[in-house]
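Structure first, commentary second.
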Protein chains: 2
Amino acid sequence: MAKKPDGHASVTLKDVASRVGVTTAAASMALSGHERISEKTRDAVRKAADELGYVPSSAGRALRKQRAGAIAVVVPNTSQHVFGHLYFMHVLTGVASAANEHDSQLIVSTNPDEAHGVVAYERVMRSRTADGAIVTSSAIDDPNIEALVKTGLPVVLIGNFPYLPDAVSVGIDDVRATEAITEHLIDVHGVTAPVHVTGTLDHQTGVDRREGFLRAVRAHGLDETSHIIEGDLSEASGAAAVEQLLADGIRFDGIVFANDDMALGGSRVLRSRGIRVPDDVAIVGFDDFGLARVATPALTTVRVPAEQMSRFAAEQLFRLIDGSAQGPTHHELDVELVLRASCGCEHDDTEHVIPLRGEKPHGNDMQRSISQ
Amino acid sequence: MAKKPDGHASVTLKDVASRVGVTTAAASMALSGHERISEKTRDAVRKAADELGYVPSSAGRALRKQRAGAIAVVVPNTSQHVFGHLYFMHVLTGVASAANEHDSQLIVSTNPDEAHGVVAYERVMRSRTADGAIVTSSAIDDPNIEALVKTGLPVVLIGNFPYLPDAVSVGIDDVRATEAITEHLIDVHGVTAPVHVTGTLDHQTGVDRREGFLRAVRAHGLDETSHIIEGDLSEASGAAAVEQLLADGIRFDGIVFANDDMALGGSRVLRSRGIRVPDDVAIVGFDDFGLARVATPALTTVRVPAEQMSRFAAEQLFRLIDGSAQGPTHHELDVELVLRASCGCEHDDTEHVIPLRGEKPHGNDMQRSISQ
DNA sequence: CTGAAAGCGCTTACAG
DNA sequence: CTGAAAGCGCTTACAG
């Protein structure tokens, strides 16, 4: 048995082979079910492996096969505040299940700090610790992402990246979704003075959701009575946005927040000022990662299929790794409108879900919608 | 350059060495700053490595060093419902920062399904994909955990495991914390008929929190007027518990929920029946992972320092791996009482935090409290 | 002091 | 058909 520095013995193929009296090569073939090994030997080897508790060394195998047997989920450090924590849980759940199905390990790679210089996740790739990477919630102009894509290593981005035409990515149609939920406020609830509180505008989602709001507003001739305030996706910035609206004496009867966290912050301020939601002001969010449903009033929002999205991204990544797919591609998943109390549709304990198919492709040809 | 099956070239030490005209051994020593290599050669090698974008192969290094350079966070599949998602985010954040400081990769290991047979995370250890593991939210009697601990491999458990005397673990004093928050309801808010909705009782936290409730109730002579209902930590079970209380016509003026999710579910039912929180019934939760603060009314709770706990667990794990610490040990972190609106202490937008030092060690000698 | 072999554990291409 | 070498990339103990 091989001795590890800390004194633990680990069982190697050599141990299995010598117990049976064959070479390691034969033992290896026996375990992989190679047909040139007799059934008798195969069984003996497998029995020995079982008894000894043999598990192949991932390092030995990785070195020989030139494949790590792992994929990485990359989280740029700058994104700490970009999505709420729950988004990332959904991503992890989706990627983990795909990784399990492919007998692959899952590595979570964050950038310790920006100053640290060498980008941690590029090291992960170059050191071949992972065979490929899924990158989530990165800024529009993150040069590291661009560099990573350019290396030609297997990388799948979650989100929309119009400035990275060579990338493989998976996202949703933020423009269309925000347009739809804004139209809902206008058409169904008679909102005539809508406000949009944006996300961070260095992220494509922020830009796209703003664009969706603008399209709906323009289509309904509400340009004059609508307003846009910049937020940063934090609850505090949602609260600040509403306080600013009130301080500026702006008239508004509906707010489209670019995410749920901000909607919650805004809702709190409205309530504290005695403004009723949805009676005085209808509000909606975006994400539905968990907070929206338990809020009071429950929040009408766009449900982002984060888990399916990341699961699909992982499957796509495995296809890149094994060569059965090639980039560049962009795939889009459908989202749902989840109608609850905050827009005036439902009571606090009920919800109504409307599928929103991606019928209005935009940007490039490769897009297509995937039914879930 | 080595060719990978998918056609990507990766730079190896050999490439660096041959560019400079030295052996790989010399190049290796140069890069690690070994003094036997002349400054001139060292600089030349480093320059070459930089230019070629050389990053050491993790597989090669792992094989040679008998060390993976990675640690694993293990999540038993059965725990899907045990803690809310946000708990795990805090765990990941804490472990990731410690791993980064130790130049270690972070592997997330879940059990695909119980039926899958071979326990996934034991494979991770046996295959030496990770040098050690942090195990979180496992059931009291999980035989896999016990087996894992018995292997003597570096493992740190998060939680309290009185039945695993050989384990290295990091936790909080659930008994003391629940006793304190129950006493708060009784002493400060005059609750005379308290109810406890337990967590899952196959987890030590569930048992301990119930014990804490019982201690407080007994100390105040409220045995006769108190009740205990079993929950499962889900929001739905909190709601169901309250419905049962009402259906049974039980008189109660305070509820100690074993976690925040259940408290939120219970709170919703109370509100829908026109029972005011905290005026008619004071309620408290446990965790403070995110929902408690944004709930209406904001939830008084015990703040579990999940991030610090798991960070400490990771540091402890690295000590086990490098031999600078040995098990068994148990460490306890301090928690805080966070007083908000649901018990009647504060308004919806304010909170008051009371540190709760672990002054009452119980169980075994090794425990000590760590100030944060 | 320095050159270069040995070997970590594995699998497959090669020689017989 | 089968035996066993070669080599993935690395680092250190050894020989000179």
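Convention: sequence-line order gives letters A, B, ...; per-chain numbering from 1. Side-chain atoms are counted along with the backbone in the values below, which use heavy atoms only and exclude waters and symmetry mates.
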Between Tyr54(B) and Thr12(B), does any side-chain donor sit less than 3.5 Å from a side-chain acceptor?
no
First of Leu63(B) and Thr24(B) reached from the 5' end of DNA chain C, by closest nucleotide
Thr24(B)
Under 4.0 Å between a side-chain N/O of Arg64(A) and OP1 or OP2 of dG7(D), yes or no?
no
Taking the P atom in each of dG16(C) and dG7(D), what is the distance between them to the nearest angstrom?
15 Å
Mind running a 4.0 Å heavy-atom check of residues 26-41 of chain A against DNA chain C and sending the residues that fall below it, in number order?
Ser28(A), Met29(A), Arg36(A)
Tell me whether the guanidinium CZ or amine NZ of Arg67(B) lies under 6.0 angstrom from the six-membered ring centre of Phe318(B) and within 45° of its axis.
no
Would you mind telling me which of dG9(C), dT11(C), dA4(C) lies closest to the side-chain atoms of Arg128(B)?
dG9(C)
Check the distance between dA5(D)'s C1' and Lys14(A)'s NZ and give it to me in whole angstrom.
15 Å
Between dG9(D), dT12(D), dT11(C), which nucleotide has the shortest distance from any of its atoms to the side chain of Lys65(B)?
dT12(D)
Tell me the stems DNA chain D sits in, counting at least three consecutive Watson-Crick or G-U wobble pairs, each under 3.5 Å on both distances.
C:1-3 with D:14-16, C:5-12 with D:5-12, C:14-16 with D:1-3
Just how far, in rounded Å, is P of dC8(C) from CG of Asp131(B)?
18 Å
Given atom CZ of Arg67(B) and atom P of dC10(D), what is their separation to the nearest angstrom?
19 Å
Compute whether any side-chain donor of one residue and acceptor of the other, for Ser10(A) and Arg126(B), lie under 3.5 angstrom apart.
no
Qualifying residue, where the test is side chain to side chain contact (heavy atoms under 4.5 Å, CB included) with Ser310(B) and the options are Val156(B), Thr136(B), Ile158(B)
Ile158(B)
Mind checking if Ala59(A) touches a base, just sugar-phosphate, or nothing, with heavy atoms under 4.0 Å?
nothing
Would you give the length of the straight line joining atom CG of Asp131(A) to atom CD1 of Ile71(A), rounded to the nearest 0.5 angstrom?
9.0 Å
If you measure only the distance, is there a donor-acceptor pair under 3.5 Å linking the side chains of Thr110(A) and Asn100(B)?
yes
Separation of Arg319(A) CZ from Gln316(A) CD (nearest 0.5 Å)
5.0 Å
Could you say whether Thr23(B) or Gly60(B) is positioned toward the 5' end of DNA chain C, judged by the nucleotide with the nearest heavy atom to each?
Thr23(B)
For Arg311(B) and Gln308(B), does a side-chain donor sit closer than 3.5 Å to a side-chain acceptor?
no
Does any N or O in the side chain of Ser28(A) come within less than 3.5 Å of the main-chain N or O of Thr24(A), such that one atom is a donor and the other an acceptor?
no
According to a strict under-4.0 Å criterion, is Gln66(A) in side-chain N/O contact with OP1 or OP2 of dC10(C)?
no
For Asp15(B) and dG9(D), what is the distance between atoms CG and C1' respectively, to the nearest whole Å?
11 Å
